[in-house]
2 protein chains.
Amino acid sequence: MPDNYELPHFGGKLMSTQVSALLMKELKNGIFSKSEKLPSEVELAERLGVSRTVIRDALSDIEREGFIERVRGIGTVICRDIVNLTNRLDLKLEYNELIVNSGYTPYTDNIKLRIEYADEENAELLNVDEGSKLIVCEKRVLAGNIPCIYSIDYLSYDLFSGIEYTDIDWSKPIFDLLDKYCGLIVVTDIAKITATNADEFIREKLQVQPKQALILLDEVGYCKLSRPVMRSLEFYTDFFDFTMLRKKF
Amino acid sequence: MPDNYELPHFGGKLMSTQVSALLMKELKNGIFSKSEKLPSEVELAERLGVSRTVIRDALSDIEREGFIERVRGIGTVICRDIVNLTNRLDLKLEYNELIVNSGYTPYTDNIKLRIEYADEENAELLNVDEGSKLIVCEKRVLAGNIPCIYSIDYLSYDLFSGIEYTDIDWSKPIFDLLDKYCGLIVVTDIAKITATNADEFIREKLQVQPKQALILLDEVGYCKLSRPVMRSLEFYTDFFDFTMLRKKF
DNA sequence: AAGTGGTCTAGACCACTTC
DNA sequence: AAGTGGTCTAGACCACTTG
């Protein structure tokens with residue numbers, strides 16, 4: 001790292017956030033892209049003109065996502081295999097991002113919109129009364145012209161009070177719609193993963209080969225304060241490589 | 001929390017680790033098992049006689065695993081839905097634990113042990129030379145009398161130098177064997193998840209119903225310093241509920 | 001205004017690795 | 001002995017929520 005390395009500017013954001021973003025950038029493509037270790041915490045602190053605490057907070061963020069490993073007496077070691085991973089199922093929540101990352105353009109078609117009334121399972125998962133109104137949106141997602149996901153979203157009708165739900169463009173990612181129309185940001189997601197052969201309708205829509213099985217993600221999305229706001233069933237073909245980092249802490 | 005609450009003892013372990021273990025215990029079954037929030041950081045620090053930093057470190061660990069959420073101006077909110085989850089695929093690496101958690105006794109049978117020579121894929125994944133000797137161990141794992149996993153482990157023969165590998169009891173979890181015979185502790189694991197119908201042999205061993213699909217975890221286990229030491233292919237029936245917490249940070 | 005968690009500083013000591 | 005990351009202290013100020 002050059003002696004004169006400095007933080008670009010202080011645009012109101014947290015220093016530790018800036019530092020971790022900077023370090024990640026340099027890890028992936030920049031001055032540390034060929035390194036085995038990062039400079040010491042004390043050195044980084046001096047170079048960037050912040051306290052060691054700021055550096056440590058930044059490194060903790062990066063470590064939590066698995067990109068570095070900190071070893072006492074040795075230093076901050078870069079985990080190349082992990083930095084180079086794409087499509088981390090444990091980090092990304094949104095499939096359009098995955099499609100773009102894979103070099104394709106995401107499309108949505110076969111949209112089916114309807115009202116249902118919450119059964120016991122959905123009522124409990126979404127924390128609404130049994131029998132209350134739900135908006136159900138089914139759709140097919142394609143990467144370029146390759147069908148890769150069939151998704152069924154369940155949302156409480158009450159979230160969209162004051163908006164005519166049929167006016168909404170449901171081809172957009174559900175996370176974006178919840179944000180735009182309800183001011184709700186999904187930050188956490190409990191996903192149950194199973195393997196399935198699905199029914200004929202879905203297999204046909206996804207053009208699944210006879211012997212091929214599908215991944216089913218049964219997800220509940222939560223906003224801040226553990227508030228469940230959506231459930232979605234997503235059937236994935238083998239188009240994606242779902243990778244997951246599991247760590248003992 | 002009672003006024004006289006104190007840390008049980010200081011057995012040489014880190015204070016923040018003790019504090020987080022204590023808090024997790026109280027969250028699950030203890031005095032916070034019915035609470036919506038934890039006491040404030042300052043209060044916890046005073047009650048437990050440590051600095052706020054120690055408390056914050058402990059809370060960070062618990063937050064990273066999704067069990068609490070910290071909200072400025074409000075406090076430390078408990079995520080009940082997450083505390084109550086079992087079988088978190090993103091936290092547990094070892095299936096015997098999952099089986100025990102589900103209330104069954106794990107058994108292993110149909111063990112097949114052999115030597116193979118590394119193909120290109122395994123050579124790259126395990127960071128060994130192509131053609132080098134690998135120990136391959138296939139086995140079936142049961143929960144009680146229910147077959148639920150078929151696993152194929154690949155390990156470099158060189159790891160077991162000085163030990164006759166045929167003398168080892170391969171029914172034990174591979175993590176335990178690596179620890180006991182090689183002094184290697186697997187701390188990280190990159191897992192690729194796919195759905196499969198598997199071949200007839202495996203389907204028969206797992207007594208899979210005709211329409212049922214299987215989850216295949218293709219894992220590479222790493223020790224400290226990004227050292228790959230094992231690859232394993234694990235076929236799971238739907239015996240397990242694989243749950244995963246995904247978080248935006 | 002009071003209380004909460006979030007960030008940052010400055011400094012200390014410890015455990016571990018390397019030379 | 002020197003350098004690394006790990007932990008802990010004490011104190012400060014900030015941003016946000018609640019009464």
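Note that the structure is predicted; figures quoted are calculated from it, not measured. In the text below, chain A, chain B and the rest are named by the order of the sequence lines, each starting its count at 1.
Interface residues of residues 54-61 of chain B facing DNA chain D, ordered by number: B/Val54; criterion, heavy-atom separation under 4.0 Å.
Taking B/Lys224 as the reference, A/Glu69 meet the side-chain contact (heavy atoms from CB on, under 4.5 Å) condition, with sequence neighbours excluded. Partners of A/Asp61 according to the salt bridge (Lys or Arg N to Asp or Glu O under 4.0 Å) rule, which considers only residues two or more places apart in sequence or in another chain, are A/Arg64. Residues satisfying the side-chain contact (heavy atoms from CB on, under 4.5 Å) test with B/Glu124, not counting sequence neighbours, are none. Residues that satisfy the salt bridge (Lys or Arg N to Asp or Glu O under 4.0 Å) test with A/Glu46, not counting sequence neighbours, are absent from this structure. B/Ser171 pairs by the side chain to side chain donor-acceptor pair (under 3.5 Å) definition with B/Asp169, not counting sequence neighbours. Scanning for side chain to side chain donor-acceptor pair (under 3.5 Å) contacts around B/Glu164 gives B/Thr166, with sequence neighbours left out.
Screening residues 180-191 of chain B for side-chain hydrogen bond (donor to acceptor under 3.5 Å, both in side chains), with sequence neighbours left out, gives no hits. Counting only residues at least two apart or on different chains, the salt bridge (charged side-chain N to carboxylate O under 4.0 Å, His left out) pairs with a member in residues 48-58 of chain B are B/Glu41-B/Arg52, B/Glu41-B/Arg56.
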Worksheet item: For nucleotides 11-17 of chain C, read 5' to 3', which letter fits each nucleotide if B means a protein heavy atom sits under 4.0 Å from the base, S means only the sugar-phosphate is that close, and - means neither?
Response: -B--BBS
Pair up each side-chain donor or acceptor in residues 76-83 of chain B with any protein partner under 3.5 Å, not counting sequence neighbours, and list the distances.
| residue | atom | partner | partner atom | Å |
| --- | --- | --- | --- | --- |
| B/Arg80 | NH1 | B/Leu27 | O | 3.3 |
| B/Arg80 | NH2 | B/Phe32 | O | 2.6 |
| B/Arg80 | NH2 | B/Ser33 | O | 3.1 |
| B/Asp81 | OD2 | A/Tyr222 | OH | 2.9 |

Discussion item. Once pairs are restricted to Watson-Crick or G-U wobble with both distances under 3.5 Å, how does DNA chain C read as a dot-bracket string, [ ] for crossings and | for other-strand pairs?
Written reply: ||||||||||||||||||.
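For C/dT7, the OP1/OP2 oxygens have no side-chain nitrogen or oxygen of A/Ser16 closer than 4.0 Å.
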